There are 2 protein chains.
Amino acid sequence: MKHELDIETAASILKLLGDKTRLTMIKILSNHECCVCEFVALFQMTQPAVSQHLRKLKDSGLVKETRKGQWVFYSLNPSHPYHSFVCNVISDLPNQLSKLEELEARGERISCD
Amino acid sequence: MKHELDIETAASILKLLGDKTRLTMIKILSNHECCVCEFVALFQMTQPAVSQHLRKLKDSGLVKETRKGQWVFYSLNPSHPYHSFVCNVISDLPNQLSKLEELEARGERISCD
DNA sequence: TGTTTACATAAGGATATGCTTATATAATAA
DNA sequence: TTATTATATAAGCATATCCTTATGTAAACA
């Protein structure tokens with residue numbers, strides 16, 4: 001059941017992805033969920049700046065949030081009609097696992113298992 | 001011989017594609033070369049506006065131009081290192097052939113064969 | 001309860017973007 | 001040569017974008 005893509009909607013999604021910070025966020029989220037403070041630690045960026053990028057992604061519906069205690073975790077929303085389009089766009093990008101490994105090494109990785 | 005993609009460069013390309021006009025141009029150019037006046041006829045847009053979009057695409061190197069007499073034809077540049085990335089991004093978008101057919105029907109299609 | 005931690009939102013400013021109109025250039029035609 | 005057609009460039013303007021700082025809110029903890 002393939003979704004019929006619309007070029008105008010696609011453009012608005014590519015515009016969202018056309019920012020280094022958000023594109024990296026999406027690539028990371030395609031492998032792991034992350035909370036805001038992890039992104040703050042990953043990008044050298046203030047917390048409001050990170051929150052504002054996440055809000056844009058959330059407003060588009062590409063990303064969803066789940067509160068787990070004091071943390072808010074973000075993850076890709078696989079039921080978004082353009083989810084597979086986005087996955088295709090980011091498929092060949094280098095994965096950002098090394099960044100998460102740095103976090104882990106610095107003891108800044110949050111996990112709620 | 002796969003090219004190693006860089007997430008920052010990819011973001012700047014997605015930003016270029018994140019505009020309805022430019023995304024449509026690229027999709028059309030992936031099938032046909034076009035001259036400026038065809039795009040002016042296709043998009044209801046002034047000629048300078050069209051030229052400025054094409055200039056951005058040309059400056060990125062994704063698109064190249066060839067003068068044929070009084071016309072300047074634009075086409076995708078297949079030797080750009082991110083050419084296949086772009087082709088992948090636009091692969092599932094609806095082709096814009098109907099727009100070109102309208103042009104043809106109105107006698108506004110330019111051809112230099 | 002009060003404090004700390006995690007996050008969101010508001011307001012403001014610098015810069016970028018995408019159009020407009022006016023004008024310049026390049027090729028062709030008369 | 002002059003006029004016409006196709007295209008590019010310049011300048012200006014309205015709006016969007018992305019950051020900043022300040023502040024609000026929600027959960028956890030002492």
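Below, chain A is the first sequence line, B the second, and so on; all start at residue 1. As a basis for the values below, the full set of heavy atoms in this structure was taken, side chains included, without hydrogen atoms, waters or symmetry mates. Keep in mind the model is a prediction, meaning the values are calculated, not measured.
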- Item | C:dC7 phosphate, OP1 or OP2, under 4.0 Å from A:Arg55 side-chain N/O | no
- Salt-bridge contact B:Lys68-B:Glu33 (side-chain N to carboxylate O under 4.0 Å): yes
- Task: With DNA chain D as reference, determine whether B:Lys58 or A:His53 sits nearer its 5' end, using the nearest nucleotide of each.
- Result: B:Lys58
- Atom-pair distance (CG on B:Leu57; P on C:dT17), nearest Å: 13 Å
What are the atom names and distances for every N/O pair under 3.5 Å that joins the protein to nucleotides 1-5 of chain D?
none

- Item | Test side chain to side chain donor-acceptor pair (under 3.5 Å) applied to B:Ser51 and B:Arg55, B:Gln47, B:His53, the passing residue | B:Gln47
- Message: Please confirm whether the shortest side-chain N or O distance from B:Tyr74 to OP1 or OP2 of D:dA6 is below 4.0 Å.
- Response: no
- Item | Under-4.0 Å side-chain N/O to phosphate OP1/OP2 contact, A:Thr46 with D:dT20 | yes
- Item | Under 4.0 angstrom between A:Lys56 side-chain N/O and D:dT17 OP1 or OP2 | no
- Message: Looking at the base of C:dA8, is there any donor atom on it, or on the side chain of A:Gln47, that sits under 3.5 Å from an acceptor on the other one?
- Response: yes
- Message: Quick check: on DNA chain C, is the nucleotide nearest A:Leu54 upstream (toward 5') of the one nearest A:Lys15, or the reverse? Name the residue that is more 5'.
- Response: A:Leu54
- Task: Let me know, please, whether A:Gln52 or A:Val72 comes out on the 5' side of the other along DNA chain C by nearest nucleotide.
- Result: A:Val72
- Message: Rounded to whole Å, how long is the line connecting atom CG of B:Leu23 with atom P of C:dG18?
- Response: 13 Å
- Measure from the side-chain heavy atoms of B:Cys35 and tell me the nearest of D:dT7, C:dC7, D:dA8. D:dT7
- Item | Nucleotide D:dA27, atom P - distance to CD of A:Glu65 in whole Å | 12 Å
- Query: Between C:dC7 atom P and A:Glu33 atom CD, what is the distance in whole Å?
  - Reply: 12 Å
- B:Arg67 vs D:dA6: side-chain N/O to OP1/OP2 distance below 4.0 Å: no
